[in-house]
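The next block holds one structure in the form of structure tokens; read it before the comments.
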Amino acid sequence: MMHKIILILSSVFLLVACEKNTYVYFQFKNVSDSPIVVNGHDLVHNWAIQDTILVGEEKNIAMWSKFGKDLTYFSPVDFFGDDLLVVNAQGDTLKKDYKDFNNWQPTIDEDRAVATHNYLFEIQEADFN
């Protein structure tokens, strides 16, 4: 009986130890002519997003991780909803739609222990009203 318990516990441990992790990063890159301010809500963590991104800077706006490998794409709407607001130093509002996944540059890196999703949203001067 004791050998069965040890065998079962060992099997569970091996299965858990072989499981990969998934990390997801949503990054904004400011290639416009002035600093930008990003305001909104991180729906996954239920906290406010209030960040300034300087000219030429790339910044993580939201990140999330989970136990288990996942290679499917994650939607920006699931993280930010409909209320993300991006404005430049002149007070102009971003017209480029962050909810449209085609406006993101996705990269998924998979190695033996980790799957990392990087989603880059590049903001240029022409993207503002």
Side-chain angles (χ1 to χ4, degrees):
M1 180 68 174
M2 183 60 132
H3 290 336
K4 280 188 173 184
I5 292 173
I6 291 173
L7 182 61
I8 291 171
L9 289 175
S10 296
S11 298
V12 169
F13 177 74
L14 286 174
L15 288 174
V16 170
C18 293
E19 190 69 36
K20 293 186 179 191
N21 287 320
T22 300
Y23 296 92
V24 180
Y25 301 93
F26 283 92
Q27 304 164 325
F28 280 47
K29 183 174 183 179
N30 181 5
V31 292
S32 73
D33 297 336
S34 64
I36 60 174
V37 176
V38 180
N39 288 302
H41 198 79
D42 179 333
L43 298 175
V44 173
H45 298 100
N46 195 28
W47 60 46
I49 297 171
Q50 294 181 323
D51 215 336
T52 299
I53 304 174
L54 302 175
V55 175
E57 187 176 26
E58 187 175 308
K59 214 177 232 189
N60 283 330
I61 297 300
M63 76 87 55
W64 175 73
S65 65
K66 74 173 200 159
F67 189 65
K69 177 181 144 184
D70 193 344
L71 296 177
T72 60
Y73 288 100
F74 291 84
S75 166
V77 176
D78 293 338
F79 283 80
F80 305 118
D82 293 324
D83 67 345
L84 196 67
L85 178 65
V86 180
V87 295
N88 63 13
Q90 294 77 27
D92 298 324
T93 304
L94 184 71
K95 64 181 177 182
K96 183 176 182 181
D97 189 3
Y98 71 89
K99 295 177 277 185
D100 183 353
F101 191 71
N102 293 319
N103 289 330
W104 293 83
Q105 299 167 23
T107 305
I108 297 178
D109 295 321
E110 178 188 10
D111 66 23
R112 202 177 82 152
V114 169
T116 303
H117 297 242
N118 288 302
Y119 299 99
L120 180 65
F121 189 84
E122 191 173 281
I123 299 172
Q124 302 176 9
E125 192 64 32
D127 296 329
F128 290 96
N129 289 339

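The chain is numbered in sequence order, starting from 1. When reading the values below, keep in mind they use all heavy atoms of this one structure, side chains included, and skip hydrogens, waters and symmetry mates.
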All side-chain hydrogen bond (donor to acceptor under 3.5 Å, both in side chains) counterparts of E57, not counting sequence neighbours: none
Distance in Å, Q50 CD paired with N39 CG, rounded so as to fall on 0.5 Å steps: 5.0 Å
Smallest separation among heavy atoms of V38 and F28, with atom names: CG2-CD2, 4.1 Å
Any donor-acceptor pair under 3.5 Å from N103 side chain to D97 backbone: yes
Partner set under side-chain hydrogen bond (donor to acceptor under 3.5 Å, both in side chains) for Q124, not counting sequence neighbours: E122
Atom CZ of F101: over 12 foreign heavy atoms under 6.0 Å: yes
Under the side-chain hydrogen bond (donor to acceptor under 3.5 Å, both in side chains) test, residues paired with N129 that sit two or more places apart: none
Straight-line distance of I123 CD1 to I36 CD1, nearest 0.5 Å: 3.5 Å
Any donor-acceptor N/O pair, D92 side chain to F128 backbone, under 3.5 Å: no
Qualifying residues under side chain to side chain contact (heavy atoms under 4.5 Å, CB included), relative to L120, sequence neighbours excluded: Q27, K29, E58, Q105
Pairwise salt bridge (charged side-chain N to carboxylate O under 4.0 Å, His left out) hits with a residue in residues 38-55, at least two apart: D51-K59
Apart from V114 itself, residues in the same hydrophobic cluster as defined by side-chain heavy atoms under 4.5 Å: Y23, Y25, M63
Closest approach of I61 to I53 (non-hydrogen atoms, all atoms of both residues): CD1-CD1, 3.9 Å
Which pairs would a plain distance check flag for residues 74-86, meaning a side-chain donor or acceptor within less than 3.5 Å of a matching protein atom at least two apart in sequence or in another chain?
residue : atom : partner : partner atom : Å
S75     : OG   : V77     : N            : 3.2

Closest non-hydrogen atom pair between F121 and W104, with its separation: CB-CZ3, 3.4 Å
Results of side chain to side chain contact (heavy atoms under 4.5 Å, CB included) for P35 - residues two or more places apart only: T52, L54, V55, A89
S34: side-chain hydrogen bond (donor to acceptor under 3.5 Å, both in side chains) partners, not counting sequence neighbours: Q90
Co-membership, hydrophobic cluster, residues Y98 and V87, 4.5 Å side-chain: no
